[in-house]
Chemist: 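The structure follows.
A, B, ... follow the sequence lines: proteins, then strands. Residue 1 opens every chain. As the structure is a prediction and not an experimental result, all values here were calculated from the model.
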Amino acid sequence: MENRAIARLLGETADLLEISGGDPFRIRSYRRAAEAVENSAEPLSSLARDPKRLQQIPGIGKGMAANIEEIEARGSTPLRDELLARYHPALLELLKLPGMGPKTVALLWESLQVGSVEQLEAAIEAGKLRTLPRFGDKLVEKLRRGVADYRKNSGRFLLDAAEEAAEQLSRYLLQFGGITRVTPAGSLRRGRETVGDLDILATGPACAEDTVRDAVAHTAAYPPIADLIAKGQNKVSFHLRSGLQVDVRLLPEASYGAALQYFTGSKTHNIALRQRALKLGYSLSEYALSRLEDGSVAASGGEEEIYAALGLDWIPPELREGSGEIEAAAARSLPALIEQADLRGDVHMHTRATDGRNTIAEMAEAAIARGYEYIAITDHSKNLAMTNGLDDRRALEQIRRIRECDAEMEGRIRILAGIEVDILGDGGLDLSNEVLAQMDVVIASVHSLFQQPREEMTARILKAIENPFVTILGHPTGRLLLRREAYALDLVAILKRAAALRVAVEHNASPERLDLRDVDLRLASEMGCGIVVNTDAHHTSHLDKMRYGIRQLRRAGLRKQDVLNTRPLPEFLAGLRRGS
DNA sequence: GCCGTTTTCGGCCCGACTGTTTTCAGTCG
């Protein structure tokens, strides 16, 4: 079973346990285990036979290792079976409604036999909720709205949409005299591919205790607000019209570092950090790191000083997922993560020859403006007819135009000739080897393989990448690989053979499609498969999306040397040949 | 259920907001 599926079962058990009123600490240990499993770089299915190795994962002890083994063996645990016999699985959906926690779910179930979103809706309409203790008009109304919102959108937002919303809100907040700094925190700062809600931190003289009231009022008056969820002393929560939930905190300068640390999360990271603080005689809150003995402040203004006071190197937000980063920071062994400035080239982009918007020269100029030393023009091959894909003849013509344009650049940038070739149903390619041999970069993608029997896909991908001219395994293969369970792909076999795996930035992806997982990038790197990050730009402006790809690599803990297109051109090209 | 410079028992992160209450429970991040 895939790690993610195991994690889901453990998390589900935690939810059910919570509804049943179980021991909070036992619940927490299931949650911790779920996160540990999800973040594990190694597939647990390979570890499950060896309890000793399972137990080396922090948060997994003897009992949890046994649970995981049983999940691997038969898909559930005795505790989970018992809980599911008592509670309907649809109860778990109820937990997703705002204002609905385990206690309320249990109450609704036990007193009204309400066990699903549908039944809750019916109970609200029938006025049954008002008979329960603690259920006033406001709570019932909140649940009614919650059900409506749940039906409307239960998804997360793409990083770039969240970033855009954050920038707009920042501009508005900064108009208010005395708000001097606005910083996005939460999963946006951690660079998650999708963002569930937006955490925004604001500070400045206006956020001091005696004046914050006006700043809060200004925040709550933000025009795009669809509905206000909460307004407190220094916190405002609301939904934007897009449905994105935003939490704004207005805090005095003195506690900005502690607040930024706190609101950046992740939750797991923060819990681990607080435990460490306690051991060292401190207490950490969103206001300060303070000494337990007398409550005096040890650090609060900046993140660096807080981490330093706890004996840690500053931890980049992308690594704050509670997966060993604190231990690494204590041992001074955090990786020096790749930076955008390390990149020397973007090697996947389209032009007007197929479905791009710009010419070769325009793409090259845009790349020069972004400081690149080389690019590759990689239009589609003929199998993607709807994009006007290139056949052998047009591909040769395109190579000639690229070479010509490259010469005209007079060394300002190198333009490589490339192609995004399709892996056909039988594992063959839709351009001839004679043409592929003249390309500098051949990205093999799997558009048409989706139609094929799933159990044969591994063999077909392997056959395709055996072609000596194929240099990068590309889109949407990456996503396919990640859903290896669903598509029955042998990820390890493929990564062992592939020269390089492309990490693409999907400029037009939906949240469901954008699910490249950090662990797979690490795994690919460990298997000796090169990593290439590129944008798949169809327009010059798409080149700016590279920053999202960089965030993904950073979250996977990758360094400059792990990524091929940080290298000078000759070494980049050499890196595309497996084993060299 | 996990974990150990508090080490095999007895701990386990912290604070704010809301609604329905008059001292607090539940939810949330």
Chemist: Looking at the side chain of Gln233(A), which of dG1(B), dG26(B), dC17(B) is the nearest nucleotide?
Modeler: dC17(B)
Chemist: How would you label the contact of Arg134(A) with the nucleic acid (heavy atoms, under 4.0 Å): base, sugar-phosphate, or nothing?
Modeler: sugar-phosphate
Chemist: Check every atom of dG29(B), dG1(B), dC17(B) against the side chain of Asn234(A) and return the nucleotide holding the closest atom.
Modeler: dC17(B)
Chemist: May I ask you to say what Pro24(A) touches in the nucleic acid, namely base, sugar-phosphate or nothing, with a heavy-atom cut-off under 4.0 Å?
Modeler: nothing
Chemist: Taking atom types as they are modelled, would you say the side chain of Tyr287(A) forms a donor-acceptor pair with the base of dG15(B) within the 3.5 Å cutoff?
Modeler: no
Chemist: Please report the distance, rounded to the nearest Å, between CG in Leu228(A) and C1' in dT18(B).
Modeler: 13 Å
Chemist: Out of dG29(B), dC13(B), dT20(B), which has the shortest distance to the side chain of Leu139(A)?
Modeler: dT20(B)
Chemist: When you measure from the side chain of Asp247(A) to the backbone N and O of Asp199(A), does any donor-acceptor pair fall under 3.5 Å?
Modeler: no
Chemist: Look at all strands and tell whether Lys142(A) reaches a base, only sugar-phosphate, or nothing, counting heavy atoms closer than 4.0 Å.
Modeler: nothing
Chemist: Just the rounded figure in Å: distance from C1' of dG15(B) to NZ of Lys267(A).
Modeler: 11 Å
Chemist: If we ignore hydrogens and angles and just use 3.5 Å, is the side chain of Ser255(A) paired with the main-chain N or O of Leu251(A) as donor and acceptor?
Modeler: no
Chemist: Quick check: on DNA chain B, is the nucleotide nearest Tyr262(A) upstream (toward 5') of the one nearest Phe135(A), or the reverse? Name the residue that is more 5'.
Modeler: Phe135(A)
Chemist: Just call it for Leu97(A): base, sugar-phosphate, or nothing, with non-hydrogen atoms closer than 4.0 Å on any strand.
Modeler: sugar-phosphate
Chemist: How do Arg249(A) and Leu292(A) order along DNA chain B: which one's closest nucleotide is nearer the 5' end?
Modeler: Leu292(A)
Chemist: Backbone N or O of Ile124(A) within a donor-acceptor pair of the Arg144(A) side chain at under 3.5 Å?
Modeler: no
Chemist: Applying a 3.5 Å limit to both distances, which nucleotide forms a Watson-Crick or G-U wobble pair with dG15(B)?
Modeler: dC28(B)
Chemist: Choosing from dC14(B), dG29(B), dC13(B), which nucleotide comes nearest the side chain of Ser285(A)?
Modeler: dC14(B)
Chemist: Any base atoms under 4.0 Å from Asp197(A), or only sugar-phosphate, or nothing? Heavy atoms, all strands.
Modeler: sugar-phosphate
Chemist: Assign Lys231(A) to base, sugar-phosphate, or nothing according to its heavy-atom contacts below 4.0 angstrom with the strands shown.
Modeler: sugar-phosphate
Chemist: Does Ser283(A) make a side-chain N or O approach to OP1 or OP2 of dC13(B) shorter than 4.0 Å?
Modeler: no
Chemist: Can you measure Asp137(A) atom CG to dT18(B) atom P for me and round it to whole angstrom units?
Modeler: 17 Å
Chemist: Counting only side-chain N and O atoms of Arg274(A), is one of them less than 4.0 Å from OP1 or OP2 of dC13(B)?
Modeler: no
Chemist: Think Lys138(A) has a side-chain N or O under 4.0 angstrom from the OP1 or OP2 of dG19(B)?
Modeler: yes
Chemist: Would you say the side-chain atoms of Thr104(A) pair up with the backbone N or O of Met100(A), donor to acceptor, closer than 3.5 Å?
Modeler: no
Chemist: Could you tell me how far apart Arg192(A) (CZ) and dG29(B) (P) are, to the nearest whole angstrom?
Modeler: 14 Å
Chemist: Considering every strand and a 4.0 Å limit on heavy-atom distances, what is the contact class for Leu273(A): base, sugar-phosphate, or nothing?
Modeler: nothing
Chemist: Please name the pair of heavy atoms, one in Leu250(A) and one in Cys207(A), separated by the smallest distance, quoted to 0.1 Å.
Modeler: CB-SG, 3.8 Å
Chemist: Please determine whether a side-chain nitrogen or oxygen atom of Ser29(A) lies at a distance below 4.0 Å from atom OP1 or OP2 of dC12(B).
Modeler: no
Chemist: dG1(B), dT27(B), dG15(B): which one has an atom nearest the side-chain heavy atoms of Lys103(A)?
Modeler: dT27(B)
Chemist: Mind checking if Phe263(A) touches a base, just sugar-phosphate, or nothing, with heavy atoms under 4.0 Å?
Modeler: nothing
Chemist: Could you label the plane-to-plane angle of the His218(A) and Tyr172(A) rings as parallel, tilted or perpendicular, counting under 30° as parallel and over 60° as perpendicular?
Modeler: parallel
Chemist: When all nucleic acid strands are considered with a 4.0 Å heavy-atom cut-off, which category describes Ile27(A): base, sugar-phosphate, or nothing?
Modeler: nothing
Chemist: Picking from dC13(B), dC17(B), dG1(B), which would you name as closest to the side chain of Ala230(A)?
Modeler: dC17(B)
Chemist: Looking only at the side chain of Arg28(A) (C-beta and beyond, no hydrogens), which of the listed nucleotides dC17(B), dC13(B), dG1(B) gets closest?
Modeler: dC13(B)
Chemist: To check you understand the geometry: which heavy-atom pair defines the closest contact between Ser285(A) and Ala258(A), and what is its length?
Modeler: O-CB, 3.8 Å
Chemist: Please report, rounded to the nearest Å, how far the P atom of dG1(B) is from the OH atom of Tyr30(A).
Modeler: 4 Å
Chemist: Reckon Pro102(A) touches a base, only the sugar-phosphate, or nothing at all at heavy-atom distances under 4.0 Å?
Modeler: sugar-phosphate
